[in-house]
Amino acid sequence: MLKADQIVADLERRQSSGASFEDLLMAAVQGLHDLDERFHWTGIYELFPDSVLRLGPFIGAPTDHVFIGVGRGVCGTAVAERRNINVPDVRLVQNYLACSTETRSELVILIRKGERIYAQVDIDSHQVAAFDENTVGLVQRVADWLAGLYESRERLGSGS
Ligand code: SME
């Protein structure tokens, strides 16, 4: 868990120095992306009240999937079923929305506090089964920290 602790410590340092919400999200995406060279696309999708996921900060090739309805694709299914999804081979998933034809595996970890889902971390790899249990744990740790960030923004009612 050391790597995830380092990312969280870095985020906390930035937060204490007055980094904005958007800067913190971007720093989290960067930290996660740098965890493993097999991560080819790393981003955050935010859940809006109209049940649509909207692409936030990301690293990797631009994607056509800027808006994804709940229930659509791997990302939308994770929200609809309120669970994380680890797909070892996207070629075997029927409702997969291709970001890149080179993608082989995908991990979606929800950013949530209990029943409240704020957003999700989405990571794609060109390698089959790139996400083992340890990786899932690392991403979960960072997603949990981000859930606290979303929760406090909501509590403070600071808008967007
Ligand atoms: N593959 C995702 C779409 C997002 S892109 O991978 C960035 C899905 O099936 O929902």
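By convention here, the first residue in the shown sequence is residue 1. Note that ligands are numbered from 1 as they come in the structure, with each ligand's atoms numbered from 1 the same way. Keep in mind it's a predicted model, so treat the numbers as computed, not measured.
Salt bridge annotation for R116-E151: absent, with no cationic side-chain nitrogen under 4.0 angstrom from a carboxylate oxygen. Remark: D144 does not engage R141 in a salt bridge, criterion side-chain N to carboxylate O under 4.0 Å.
When hydrophobic clusters are built by joining Ile, Leu, Val, Met, Phe, Trp and Tyr residues whose side-chain heavy atoms come closer than 4.5 Å, directly or via intermediates, V121 is not grouped with W41.
For the side-chain hydrogen bond (donor to acceptor under 3.5 Å, both in side chains) with Y150, the lone residue among E46, K113, R155 that qualifies is E46.
The main-chain N or O of F131 is found under 3.5 Å from a side-chain atom of N86 such that the two form a donor-acceptor pair.
A cation-pi arrangement is not found for R54 relative to F67, the charged atom failing to lie both closer than 6.0 Å to the ring centre and inside a 45° cone about the ring normal.
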List ligand 1's nitrogen or oxygen atoms that come under 3.5 Å of a protein nitrogen or oxygen, with the partner atom and distance.
unit_1, atom_1, unit_2, atom_2, d
ligand 1, 1 (N), L97, O, 2.7
ligand 1, 1 (N), E106, OE1, 2.8
ligand 1, 1 (N), E106, OE2, 3.2
ligand 1, 6 (O), D124, OD2, 2.8
ligand 1, 9 (O), V74, N, 2.9
ligand 1, 9 (O), L97, N, 2.9
ligand 1, 10 (O), V74, N, 3.0
ligand 1, 10 (O), C75, N, 2.9

